[in-house]
J.: 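First, the structure itself, so that you have it in front of you.
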Amino acid sequence: MKVFKFGGASVNSADAVRNMAQIVKNHLESETLVVVVSAMGKTTNLLEKLVPCDNGAPASCRQELRQQLEDYHLDIAKSLIPNDETLVTKVLDLLHQLDTTIHSLSSFHFPLSTQYNYCYDQVVSFGELISTTIIAHYLNHLGINTLWLDARQLIRTDDHFREGRVDWQATQEAIDKWRAESGKWKDNNIILTQGFIGGTNSTLSTTTLGREGSDYSAAILAYCLDAESVTIWKDVPGFLNADPKFFADTVKISQIPYNEAIELAYYGASVIHPKTVKPIQNKGIPLYIRSFITPEAEGSSVGDYKTIVPETPLYIFANNQILLSILPRDYSFIAEDNLQVIFGILNELGIRVNLMQNSALSFSICINNNPQLVKPLVERLQHMFRVRYNENLQLITIRYYTQEVIDSIVAGRPILLEQRSRTTEQLIVPCQ
Ligand code: ASP
Ligand code: MG
């Protein structure tokens, strides 16, 4: 059995869905294909704006967004299968459920971020529910036997809303049980399910796995089903050595060792979700990254390789960074006791440190400049420390660097901080 994952861009219009269906059709084999699908296009961003919260969008704006959501999905559904009342009704039913959900959550107040996170998952998950409902219906219409599955029944998490942590044992049991009971499994060419969403093991409340989490869903299912491979269909030809948005002459990496893929995702390479590699590495399942625009082309594979092929520098650019320097007020050393306090605050606020460095009198951290997090962080640190910061910075990571490569990337900009290991150079410079 193979697992395919299609992200939002691969199903963002009726033509895109037709293309996706063709890819699936070309790969139908004697065995079932498990297909994991994200919300269509930018639907998740739109749904985020509909999550009720104390300082949310005004009612008129919400109404307009809600209408946009309906028009967008109905246009795609009607273009895929004209005059199909059943499909239109299915989509409208889901939108109605969404309205009821929003309405019932609107009485909440949000003094606690956990309450907001709960509401977020209940609302945002509709993107995947609607997209998979339309696509499953369309594939069946094309004569491809497709079974729609509710991922919330299978992917079991704790109740950490917005970042559900997978309960592997419960997930494995739910999948095994479902497989044993479901005689239908074999009668279907395709099992189609949602990426990104899961259900709490305690009460089966909807959770999400973190933004861009559909890759991770594909990896979880592949792990629990002992799949032969996972293929992520993307709008790029494979794993590139840099983001084409920032870099003109990208090189496609055809082979990537698992550990390299984990390192790259950790440093912020956006091609796959950071949690995706671990489960498939643990079972030695290969991961293919292929283009849905040129589906016949080979793409990249992540697997049990020794080195990347071809060997070339790899670049990761993270913009909108802020560098905080934290200094004790009384000229005491930055030692373990101070670090413990600083990390305690970072951990409580859920802030990820992208780079850190310390000297006797200061500790510097580079983090994403998210004002909602940076403001409370600075306020809390200022109780004990002096805090200085530089904004509008870029964090550049270069794996397999040469001095020549570093010089050309820095292009004369002042370097605020630099760290170098045998394989990796990291630099903080002002944004260009
Ligand atoms: N739809 C979700 C998001 O946009 C999950 C995904 O696309 O992977 O973050
Ligand atoms: Mg996506």
Side-chain angles (χ1 to χ4, degrees), residues 3-13 16-17 20 34-51 65 68-69 72-73 76 91 94-95 98 101 116-117 119-136 148-152 154-155 157 160-166 192-199 206-223 230-236 239 243 245 261 265 268-280 287-292 302 350 352 368 370:
V3 177
F4 278 9
K5 181 258 168 173
F6 289 91
S10 63
V11 291
N12 66 1
S13 66
V17 176
M20 174 254 176
V34 175
V35 179
V36 175
V37 183
S38 302
M40 292 176 161
K42 304 270 181 230
T43 300
T44 308
N45 294 356
L46 192 156
L47 283 165
E48 281 184 337
K49 299 188 188 127
L50 291 178
V51 180
L65 291 168
Q68 265 179 36
L69 189 73
Y72 175 60
H73 287 98
I76 292 179
V91 175
L94 281 165
L95 288 165
L98 169 69
T101 304
Y116 174 77
N117 292 347
C119 295
Y120 179 99
D121 285 357
Q122 310 319 302
V123 171
V124 164
S125 49
F126 274 91
E128 271 69 14
L129 294 173
I130 302 174
S131 71
T132 51
T133 299
I134 296 175
I135 294 168
W148 182 92
L149 257 191
D150 190 335
R152 296 171 296 183
L154 301 182
I155 298 189
T157 71
H160 215 89
F161 293 99
R162 261 185 110 172
E163 190 74 61
R165 285 178 290 217
V166 174
L192 188 105
T193 193
Q194 308 78 41
F196 184 50
I197 70 176
T206 307
T207 50
T208 62
L209 305 174
R211 284 301 308 261
E212 304 298 327
S214 296
D215 295 349
Y216 185 37
S217 304
I220 298 165
L221 292 171
Y223 178 93
V230 177
T231 306
I232 298 183
W233 294 92
K234 294 197 66 95
D235 56 359
V236 284
F239 207 119
D243 186 334
K245 277 190 242 122
S270 57
V271 68
I272 40 176
H273 186 275
K275 290 184 183 166
T276 308
V277 184
K278 183 179 180 287
I280 55 165
L287 169 73
Y288 303 114
I289 299 156
R290 299 180 63 174
S291 162
F292 61 77
V302 178
R352 204 201 110 138
N368 299 347
N370 172 351

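On a predicted model such as this, the values are computed, not experimentally measured, just so you know. In each ligand, atom 1 is the first atom listed, and ligand 1 is the first ligand listed.
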J.: D215 versus ligand 1: do any nitrogen or oxygen atoms come within less than 3.5 Å of each other?
T.: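 In fact, backbone or side chain, D215 has no N or O that close.
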J.: Which bit of E128 is near ligand 1, meaning a heavy atom under 4.0 Å away: side chain, backbone, both or neither?
T.: side chain
J.: Please confirm whether G213 comes under 4.0 Å of ligand 1, counting heavy atoms of the residue only.
T.: yes
J.: Determine whether a donor-acceptor pair (N or O, by modelled atom type, separation under 3.5 Å) exists between the side chain of T231 and the backbone of Y288.
T.: no
J.: Under 4.0 Å from a heavy atom of F196: which atoms of ligand 1 are those, numbered in the order shown and with their elements?
T.: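 Atoms satisfying the 4.0 Å criterion: 2 (C), 5 (C).
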J.: Considering residues at least two apart in sequence or located in another chain, which fulfil the side-chain hydrogen bond (donor to acceptor under 3.5 Å, both in side chains) criterion with T276?
T.: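 Scan of T276 (side-chain hydrogen bond (donor to acceptor under 3.5 Å, both in side chains), adjacent residues dropped) gives none.
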J.: Spell out, as yes or no, whether a donor-acceptor pair under 3.5 Å connects the side chain of T206 to the backbone of D121.
T.: no
J.: Could you verify whether a donor N or O on one side chain and an acceptor N or O on the other, from T207 and T157, lie under 3.5 Å apart?
T.: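 There is such a pair between these side chains.
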J.: List for me each residue that meets ring-ring contact (aromatic ring centres under 6.0 Å, His included) alongside F4, sequence neighbours excluded, and say none if there are none.
T.: H27, W233
J.: Give the contacting part of S38 toward ligand 1: side chain, backbone, both or neither, where contact means a heavy-atom distance below 4.0 Å.
T.: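 Near ligand 1, S38 shows its side chain, while the N, CA, C and O stay back.
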J.: Within the side chain of Q194, is there an N or O that forms a donor-acceptor pair under 3.5 Å with the backbone of L149?
T.: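 Such a contact is found between Q194 side chain and L149 backbone.
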J.: T44 heavy atoms, cut-off 4.0 Å: which ligand 1 atoms fall inside?
T.: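 Answer, ordered by atom number: 1 (N), 2 (C), 3 (C), 4 (O).
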J.: Please list, in number order, the atoms of ligand 1 under 4.0 Å from a heavy atom of R211.
T.: 3 (C), 4 (O), 9 (O)
